[in-house]
Amino acid sequence: MQAGERVDHFETIRRRKDGSLIDISLTISPIRDGNGKIIGASKIARDISERKRAAERQELLLREMHHRVKNLFAITGSIITLAGRTAKTTADLAAGMKDRLMALSRAHEMTLPSLNGETATGAPETTLFQLLSNILAPYEREGANRWQLIGDDIDISGTKITNFALLFHEFATNAAKYGALSIEEGKLEIAATMKGEILEIVWLESSGPPQAALEPRSIGFGSRLEQIISQSLGVDIARDWMPNGLSIRLFVPRGAIGD
């Protein structure tokens, strides 16, 4: 500034009169008199809050994409291992893998918003059990009930599907990588009970790996994603680690389910 140079796009944070913070881009230009002497400075402040939020959303989406790709490979590996143990012929293995991977693809699509902000399924609403069935379909095994849904099957509005799909997809991913769905003997039961204005959902894994293999790991992107979604929905989540399983209790306000 002392050299008379223009300073462009100096980003900073200012406080509004109401106490809230705002991201601004500050441009400072020298003001000269007729002889070229600097006699002052011109400041132009631009609100870049939306641009900053857009950049943060883009970063979150990119990290989520990376996280999803890694998880899809891990889940695919788990599905191949389980299918290989039960298939009697290569044809059985190929058919079983095709069905499971198609189901996994459908479940994955349910967690992706479309470009216009609507749910990827295009459906105005679904039910809790329909959503869970799509997400858990890749882990079905012929002749064995690895998971079951009991209790109150309630409607979930289209605007809420993505968040719930993401949340349960994260639970299923962890169960397939570390928990009850990672071994043949593992079982999963999901019970939903509407109690007044609160929907209680219990995700119960049993006959899984020993607790040492199930203990919480370091907080990664999956955990952060879960925190973001639960906070946005106003859902309380409690975990209880057992010797050969895991109980996850969700307390969901009615307003978080539908519009």
What is the distance from atom [atom1] of [X] to atom [atom2] of [Y], rounded to the nearest 0.5 Å?
| X | Y | atom1 | atom2 | result |
| --- | --- | --- | --- | --- |
| Ser232 | Lys160 | OG | NZ | 8.5 Å |
| Asn244 | Ser207 | CG | OG | 7.0 Å |
| Leu132 | Gln148 | CG | CD | 12.5 Å |
| Ile156 | Leu131 | CD1 | CG | 5.0 Å |

(message) If only side-chain N and O atoms count, and only distance matters, is there a donor-acceptor pair under 3.5 Å linking Asp153 with Thr127?
(response) yes
Got a list of side-chain donor-acceptor pairs under 3.5 Å for residues 245-257, not counting sequence neighbours?
unit_1: Arg249; atom_1: NH1; unit_2: Glu200; atom_2: OE2; d: 2.5
unit_1: Arg254; atom_1: NE; unit_2: Glu197; atom_2: OE1; d: 3.4
unit_1: Arg254; atom_1: NH2; unit_2: Gly196; atom_2: O; d: 3.0

(request) Would you please classify the geometry between the Phe171 ring and the Trp203 ring as parallel, tilted or perpendicular, with 30° and 60° separating the classes? (result) perpendicular
Taking all non-hydrogen atoms of both residues, which atom of [X] and which atom of [Y] are closest, and how far apart?
| X | Y | answer |
| --- | --- | --- |
| Ala172 | Leu181 | O-CD1, 4.4 Å |
| Arg146 | Tyr139 | CD-O, 3.1 Å |
| Phe129 | Ala192 | CE2-CB, 4.2 Å |
| Pro209 | Gly179 | CD-O, 3.3 Å |

Has [X] got a side-chain atom pairing as donor or acceptor with [Y]'s backbone, closer than 3.5 angstrom?
| X | Y | result |
| --- | --- | --- |
| Asn163 | Ile229 | no |
| Asn35 | Lys37 | no |
| Gln231 | Ile228 | no |
| Glu205 | Ala180 | yes |

Can you find a heavy atom in the side chain of [X] that is under 4.5 Å from one in the side chain of [Y]?
| X | Y | answer |
| --- | --- | --- |
| Thr193 | Leu199 | no |
| Ile201 | Phe168 | yes |
| Leu128 | Asp152 | no |

(message) Same cluster or not: Phe164 versus Met194, using hydrophobic residues (I, L, V, M, F, W, Y) connected whenever any side-chain heavy atoms lie under 4.5 Å apart?
(response) yes
(message) Same cluster or not: Ile198 versus Ile150, using hydrophobic residues (I, L, V, M, F, W, Y) connected whenever any side-chain heavy atoms lie under 4.5 Å apart?
(response) no
(message) Applying side chain to side chain contact (heavy atoms under 4.5 Å, CB included), can you list everything that pairs with Leu93, at least two apart in sequence or on another chain?
(response) Ala83, Ala87, Met97
